[in-house]
Chemist: 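Please find one structure pasted underneath; my questions will follow.
In what follows, every chain begins at residue 1, and chains take the letters A, B, ... in the order their sequences are listed.
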Amino acid sequence: MAQKPSLPKGTRDFGPAQMLKRDYILNTIRSVFKKYGFMPLETPAIENLSVLTGKYGDEGDQLLFRILNTGDFLKKTSAGDYEEGAKALSPKIAEKGLKYDLTVPFARYVVMNRGEITFPFKRYQIQPVWRADRPQKGRYREFYQCDADVVGTGSLICEAELMAIVNEVYTQLNFNDYKVSISSRKVLEGLAALCEVSDKFTAFCVILDKLDKIGEERVAEELSTIGVSSQNLEKLKELLNTTGSNQEKLGTFREAFVNSEVGLAGLDELSETFEHLKGLKVTTDQIIFDPTLARGLSYYTGIIYEVKPTSISMGTITAGGRYDNLTGVFGMEGVSGVGISFGIDRIYDSLEELNLFPETNSDITQILITNFDKESEAHALGILAKLRSKNIKAEIFPEAAKLKKQLNYANNKGIAHVLMVGSREIESGEYVLKNMETGDQQTATIDALANLLS
RNA sequence: GUGGUUGUAGUUCAGUUGGUUAGAAUGCCUGAUUGUGGUUCAGGAGGUCGCCGGUUCGAGUCCGGUCUUCCACCCCA
């Protein structure tokens, strides 16, 4: 009995038209990564769960896809485990999982290959990741991340270069409606100290992060529930309402953080990063110091940033930050890293919504050769080889069909030119080239026509 | 994970208080045009109404479950 096939929730097929556009984004990002000195790396889709769990916070652990052990997966369990529930049973029946991001597997790779790696190590990685999230617009269960990370140096030049990459990628994609929010976990620590809730740092961050979503009043309400006094709320409110340039805002924060060593360190790092950006000739109009930026992933320790489109409703399209000790959990201390991740599925959705994909795509076949009958077909194969030797993307219609069908094929596939190869042309040595957009036709030798196309 | 929402030709959608043979547009195929597509005209094919079950003389329509879509939380690329 035939059944209708279906896809798992939150996954998609990408047809040729979509893949051409995805490749356009991917190729852009990849070429920029290479230009900045990053080298490629790939890691497996599956990792041991011991590598993945505990790196993304409790929420993250919940979103990991777990892979049932092969064979008799009940082998290591007892009836008692079942009684204790899913949480106790899960690690005994599933020891591997799909990777959740590219940063943690990268840290694992660095630790395992520390002997062969020359530091600072700059790598880029473009692969799918999986999250058992509930899908929504711009949120999928399988999606691609494009990461660039530098490990083995604490230099803020890296942060600035990653910002430069953001600037260059989106400039090349002709996408300008975005803003970069930048801050530092240390600034958040300073704010938490100011509010005297350093012991509830994580909760503090989560609440603060909601500011632009739920507003000042509700943030104040929630902050008071974790013990922020009304006096401190006033101080915080005044500080966060600071306006002005990035430098002016940093100055105001500096005054407020006089008693917070870590807070001041965060501000210094931000200032230095902005200096480096100036040195790199990166315009900072779209980069905004946003002290409420929190970022969920628990491994970040220093500067953090996030890119969001401004003219459409879309989540974060690029994000990252510095993590001082991600390799520490794998037994390699004292290696600082900083990275960035482009979410190409959301970039795709954004470009689509804003109609920013270029109309023509250089990956499309340039010329289709017709197929009228066996004799012309044999002749056409030679022409095909000749065109390809000149690096022209060419194909032949693989069977003798009605010309109408062949032209339709070219039309639907977006092929710009059709070369008629029939007895008339073979006899004269001059071929009819049809421009599918204008409908114009011209007659010339293959060499002359090839020159027109290449 | 919580709450809501969606599903009918390849696609986008109609389908009345439950009542004969489920429609349109578009796309596809054939012909008008034996070597000229994207325009026009004529004809044709295409549907287990997401899936499973229930109520009913009768279900695309009502009920339950399930899968999927989108949305709000949560969180995130």
Chemist: When both hydrogen-bonding distances must be under 3.5 Å and the geometry is Watson-Crick or G-U wobble, what is rU39(B) paired with, if anything?
Modeler: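 Its partner is none (no Watson-Crick or G-U wobble pair with both distances under 3.5 Å).
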Chemist: Can you tell me, in whole Å, how much space there is between the C1' of rG7(B) and that of rG1(B)?
Modeler: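 Looking at atom C1' only, rG7(B) and rG1(B) are 24 Å apart.
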Chemist: Can you check the distance between rC75(B) and rA9(B), where both ends of the measurement are the P atom (answer in whole Å)?
Modeler: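 38 Å, rounded to whole Å.
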Chemist: Say whether, by atom type as modelled, one donor and one acceptor occur between the side chain of Arg131(A) and the main chain of Tyr100(A) under 3.5 angstrom.
Modeler: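 A pair under 3.5 Å: yes.
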Chemist: Base, sugar-phosphate or nothing for Lys9(A)? Non-hydrogen atoms, less than 4.0 Å.
Modeler: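 Sugar-phosphate, backbone atoms only, no base.
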Chemist: Just by distance, no angles: are the side chains of Tyr409(A) and Glu395(A) close enough, under 3.5 Å, to form a donor-acceptor pair?
Modeler: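 Yes, a side-chain donor-acceptor pair sits under 3.5 Å.
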Chemist: Determine the interatomic distance between C1' on rU8(B) and the same-named atom on rG47(B); round to the nearest Å.
Modeler: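 So the two C1' atoms sit 8 Å from each other.
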Chemist: Rounding to an integer number of angstrom, what distance separates rG65(B) and rG4(B) when you compare their P atoms?
Modeler: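 After rounding to an integer number of Å, I get 11 Å for this pair.
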Chemist: Going by distance alone, is a donor N or O of one side chain under 3.5 Å from an acceptor N or O of the other, for Asp324(A) and Ser336(A)?
Modeler: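 On atom types as modelled, these side chains qualify, holding a pair under 3.5 Å.
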Chemist: Let's test your reading of the model: under 3.5 Å, does the base of rG35(B) pair with the side chain of Glu425(A) as donor and acceptor?
Modeler: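 Counting by modelled atom types and ignoring angles, a donor-acceptor contact under 3.5 Å is found here.
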Chemist: Return the pairing partner of rA59(B) with a 3.5 Å limit on both distances, Watson-Crick or G-U wobble; otherwise return none.
Modeler: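 Pairing partner: none.
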Chemist: Taking the minimum atom-to-atom distance to the side chain of Asn408(A), which one of rG37(B), rC76(B), rG35(B) wins?
Modeler: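 The answer is rG37(B).
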Chemist: Ignoring hydrogens and angles, does a donor from either the side chain of Arg139(A) or the base of rC75(B) sit under 3.5 Å from an acceptor on the other?
Modeler: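 It does, because a donor-acceptor pair links the side chain of Arg139(A) to the base of rC75(B) below 3.5 Å.
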Chemist: Base, sugar-phosphate alone, or nothing: which one does Gly422(A) contact when heavy atoms must sit under 4.0 Å apart?
Modeler: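 Base: the residue Gly422(A), judged by heavy atoms under 4.0 Å, touches a nucleobase.
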Chemist: rG37(B) base to Asn411(A) side chain: any donor-acceptor pair below 3.5 Å?
Modeler: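 Pair found.
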Chemist: In whole Å, what separates the C1' atom of rU56(B) from that of rC67(B)?
Modeler: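 It works out to 26 Å between them.
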Chemist: Quick one: do the Gln125(A) and Thr43(A) side chains pair a donor with an acceptor below 3.5 Å?
Modeler: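 A pair is found: one side chain offers a donor N or O, the other an acceptor, under 3.5 Å apart.
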Chemist: In terms of side-chain heavy atoms, does Thr310(A) have a donor or acceptor partner in Asp177(A) at a distance below 3.5 Å?
Modeler: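 Absent: no donor and acceptor within the cut-off.
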Chemist: Just N and O in the side chain of Lys213(A): are any of them under 4.0 Å from OP1 or OP2 of rC73(B)?
Modeler: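 Answer is yes, contact under 4.0 Å.
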Chemist: Starting at the 5' end of RNA chain B and moving along, which residue's nearest nucleotide shows up first, Thr316(A) or Ser313(A)?
Modeler: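 Closest to the 5' end, via its nearest nucleotide, is Ser313(A).
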Chemist: If rA25(B) has a Watson-Crick or G-U wobble mate with both distances under 3.5 Å, name it; if not, just say none.
Modeler: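 WC or wobble partner is rU11(B).
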Chemist: Quote, to the nearest angstrom, the C1' distance that separates rA45(B) from rU30(B).
Modeler: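 Here rA45(B) and rU30(B) have their C1' atoms 10 Å from each other.
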Chemist: Check every atom of rU36(B), rG35(B), rC74(B) against the side chain of Arg424(A) and return the nucleotide holding the closest atom.
Modeler: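 Among the listed nucleotides, the one closest to the side chain of Arg424(A) is rG35(B).
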Chemist: So, OP1 or OP2 of rG31(B): does either fall under 4.0 Å of a side-chain N or O from Lys402(A)?
Modeler: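 So the side chain of Lys402(A) is within the cut-off, an N or O lying under 4.0 Å from OP1 or OP2 of rG31(B).
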Chemist: Against Arg22(A), only a single residue in Asp363(A), Asp349(A), Asp345(A) fulfils salt bridge (Lys or Arg N to Asp or Glu O under 4.0 Å); can you say which?
Modeler: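 By the salt bridge (Lys or Arg N to Asp or Glu O under 4.0 Å) criterion, Arg22(A) pairs with just one of Asp363(A), Asp349(A), Asp345(A): Asp345(A).
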Chemist: Hey, does Glu142(A) reach any base, or is it just sugar-phosphate, or nothing, if we go heavy atoms under 4.0 Å?
Modeler: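 Glu142(A): no heavy atom of the nucleic acid under 4.0 Å.
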Chemist: Say you pick atom P in rC29(B) and the same atom in rU39(B); how far apart are they, in whole Å?
Modeler: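 It comes out at 13 Å once rounded to the nearest Å.
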Chemist: Counting only side-chain N and O atoms of Lys405(A), is one of them less than 4.0 Å from OP1 or OP2 of rC29(B)?
Modeler: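 Answer no for this pair, as no side-chain N or O of Lys405(A) is under 4.0 Å from OP1 or OP2.
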Chemist: If you measure from the C1' atom in rU26(B) to the same atom in rA72(B), how many Å do you get, rounded?
Modeler: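 Comparing C1' positions in rU26(B) and rA72(B) gives a spacing of 34 Å.
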Chemist: How is Thr318(A) classified with respect to the nucleic acid when contacts are heavy atoms under 4.0 Å: base, sugar-phosphate, or nothing?
Modeler: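 Thr318(A): backbone/sugar contact only, no base atoms under 4.0 Å.
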Chemist: Does Phe342(A) lie flat on the base of rA77(B), that is, centres under 5.5 Å apart and planes under 30° off?
Modeler: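 Aromatic stack with rA77(B) absent for Phe342(A).
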Chemist: If you count every heavy atom of other residues, nucleotides or ligands that lies below 6.0 Å from Met112(A) atom CE, does the total exceed 12?
Modeler: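 Not more than 12 within 6.0 Å, no.
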Chemist: Of all the choices, rC75(B), rC70(B), rU36(B), which nucleotide is nearest to the side chain of Lys210(A) once you look at every atom?
Modeler: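 From the listed options, rC75(B) comes nearest.
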Chemist: Hey, which sits more toward the 5' end of RNA chain B by its nearest nucleotide, Ala132(A) or Ile214(A)?
Modeler: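 On the 5' side of the pair lies Ala132(A).
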Chemist: Is any side-chain N or O of Arg134(A) under 3.5 Å from a base N or O of rC73(B), one able to act as donor and the other as acceptor?
Modeler: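 Donor-acceptor pair under 3.5 Å: no.
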